[in-house]
Amino acid sequence: MKPRTATKKINKNKLITKIDPKSLVSEDFRVIRTNIDYSGIDSQYKSIMITSPEPNSGKSVVSANLAVVFAQQGKSTLLIDGDLRKSSVQYFFPEVRSGGLTALLTGRIQLEEAVEETEVENLFVLPAGFLSTNPAELLSSKKMKELFKKLLTMYEQIIIDTPPILAVADAQIISSLVDGTILVFRSGYTSKTNAKKSVHVLQQVHGKIICSILNDHKNKKDAYYYGK
């Protein structure tokens, strides 16, 4: 797959693919979507986890915008905020206000109450909900595994935003559920050591890496770089 760059920077709380679908950055996300589709010819990437080595790398921006372009493709798409420690989906979809994943896993609400429609056609969101004191235990629970199996029968595409993989064990746990992982690195911020460590951590738990995305790339004002 060829690298792909974009010519605008994205505001961290903006859904550029929704606000300006004809922009060069939106086109970049569509190219990433297409490359993922072609990468999955032999093994379909119906469920994708998006993570980064450290916080503030732009993984949540990538998660939200990638979910939008999959939905724009006509696929019923579910974006799951799997960061039960520091959720972010509400910044992109303020209309979503359910109790979310934590309330669902603790039996406080039912699935139909937890998942909400968004203003983007075909796109649904399962927010993180209230912050949990035991996120790793919830994500590794039997109930989470059963829930994920059910969601796979309900949606054509699932995108999961997770905490940084080097910070806590949550992303490693979720990687065992999904078909593949996208790693987001931030130019001038993510060290080569941390990039290599994040790859090694995923390999240790047999997680499949679909690709990596270099965010905030300053070369010729580019913001994103896609690479296998």
Side-chain angles (χ1 to χ4, degrees), residues 11-15 17-18 46-68 70-71 76-120 122-152 154-155 157-184 198 207:
N11 183 294
K12 65 179 181 178
N13 293 339
K14 296 296 184 181
L15 272 178
T17 48
K18 175 191 173 187
K46 184 174 182 178
S47 55
I48 299 172
M49 180 185 88
I50 298 179
T51 190
S52 60
E54 64 283 289
N56 303 315
S57 296
K59 65 179 180 58
S60 297
V61 178
V62 172
S63 299
N65 281 283
L66 196 56
V68 169
F70 272 115
S76 59
T77 302
L78 176 66
L79 172 63
I80 301 176
D81 191 341
D83 193 339
L84 307 187
R85 301 169 189 268
K86 188 180 179 182
S87 61
S88 60
V89 74
Q90 68 271 17
Y91 297 123
F92 306 103
F93 303 97
E95 69 270 26
V96 174
R97 299 180 179 276
S98 86
L101 185 57
T102 47
L104 181 58
L105 292 176
T106 54
R108 301 186 184 194
I109 59 175
Q110 298 300 310
L111 180 57
E112 56 269 21
E113 301 172 88
V115 175
E116 293 193 43
E117 292 185 66
T118 70
E119 295 175 355
V120 178
N122 302 315
L123 180 58
F124 302 82
V125 168
L126 175 54
F130 59 86
L131 299 182
S132 172
T133 56
N134 58 340
E137 287 80 1
L138 285 176
L139 294 172
S140 61
S141 66
K142 181 180 178 181
K143 193 165 185 177
M144 178 63 182
K145 294 181 177 67
E146 292 173 347
L147 169 64
F148 199 74
K149 286 181 181 178
K150 185 172 183 179
L151 292 173
L152 286 170
M154 297 172 62
Y155 299 95
Q157 187 70 54
I158 297 177
I159 304 290
I160 309 179
D161 180 23
T162 72
I165 195 162
L166 298 183
V168 290
D170 303 14
Q172 297 176 54
I173 294 168
I174 294 175
S175 70
S176 67
L177 301 176
V178 299
D179 297 323
T181 296
I182 292 176
L183 283 167
V184 178
S198 61

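Computed over heavy atoms, backbone and side chain alike; hydrogens, waters and symmetry mates excluded. Residue numbers count from 1 along this sequence.
Here the side chains of Ile160 and Phe148 are in contact, with some heavy-atom distance below 4.5 Å. Residues Ile50 and Leu66 meet the side-chain proximity criterion, which asks for heavy atoms closer than 4.5 Å. At a threshold of 4.5 Å between non-hydrogen side-chain atoms, the residues Leu138 and Thr102 count as touching. No side-chain heavy atom of Leu101 sits less than 4.5 Å from a side-chain heavy atom of Asp81. Counting heavy atoms from C-beta on, the side chains of Phe130 and Thr106 come closer than 4.5 Å. Using a 4.5 Å heavy-atom cutoff, the side chains of Glu113 and Leu104 are not in contact.
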* Asked: Hey, mind stepping through Ile158 and Leu151 against side chain to side chain contact (heavy atoms under 4.5 Å, CB included) and telling me if it holds?
  -> CA-CA 8 Å; Ile158 297 177; Leu151 292 173; 3.9 Å; yes

* To do: Tell me, with the steps shown, if Val61 and Phe92 meet side chain to side chain contact (heavy atoms under 4.5 Å, CB included).
  => CA-CA 8 Å; Val61 178; Phe92 306 103; 4.1 Å; yes

* To do: Show your reasoning for whether side chain to side chain contact (heavy atoms under 4.5 Å, CB included) applies to Leu111 and Leu147.
  => CA-CA 9 Å; Leu111 180 57; Leu147 169 64; 3.9 Å; yes

* Asked: Does the side chain to side chain contact (heavy atoms under 4.5 Å, CB included) test come out yes or no for Val89 and Asp83, once each step is laid out?
  -> CA-CA 9 Å; Val89 74; Asp83 193 339; over 6 Å; no

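Put simply, CD on Glu95 and CZ on Arg97 are 9.0 Å apart, with the number rounded to the nearest 0.5 Å. Atom OG1 in Thr77 sits 10.0 Å away from atom OH in Tyr155 (nearest 0.5 Å). The distance from the OG1 atom of Thr17 to the CZ atom of Phe70 is 12.0 Å, given to the nearest 0.5 Å. Rounded to the nearest 0.5 angstrom, Met49 CE and Ile159 CD1 are separated by 11.5 Å. Within the model, atoms CG of Leu177 and CG of Leu152 stand 9.0 Å from one another, a figure rounded to the nearest 0.5 Å. Asn65 CG to Lys18 NZ: the interatomic distance, rounded to the nearest 0.5 Å, is 11.0 Å.
Residue pairs meeting the side-chain hydrogen bond (donor to acceptor under 3.5 Å, both in side chains) criterion with at least one member in residues 131-145, sequence neighbours excluded, are Ser132-Asn134. Applying the side-chain hydrogen bond (donor to acceptor under 3.5 Å, both in side chains) test to residues at least two apart or on different chains, the pairs with a partner in residues 163-175 are Arg85-Asp170. Listed by first and then second residue, the side-chain hydrogen bond (donor to acceptor under 3.5 Å, both in side chains) pairs involving residues 46-59 are Ser47-Asp179, Thr51-Thr162, Glu54-Ser57, Glu54-Thr190, Lys59-Asp161 (not counting sequence neighbours).
Summarising the geometry of Pro53 relative to Ser198, their closest heavy-atom pair is CG-OG, 3.8 Å, with the distance given to 0.1 Å. The heavy-atom pair separating Gly100 from Ala114 by the smallest distance is O-CB, 4.1 Å. Nearest heavy-atom pair across Leu131 and Ser87 is CD2-N, 4.4 Å. The shortest heavy-atom contact between Leu123 and Ala71 is CB-CB, 3.7 Å.
A donor-acceptor pair under 3.5 Å links the side-chain atoms of Ser176 to the main chain of Ile173, judged by distance alone. The backbone N or O of Ser98 sits less than 3.5 Å from a side-chain atom of Glu116, completing a donor-acceptor pair.
Judged purely by distance below 3.5 Å, without hydrogens or angles, the side chains of Ser76 and Asn122 never pair a donor atom with an acceptor atom.
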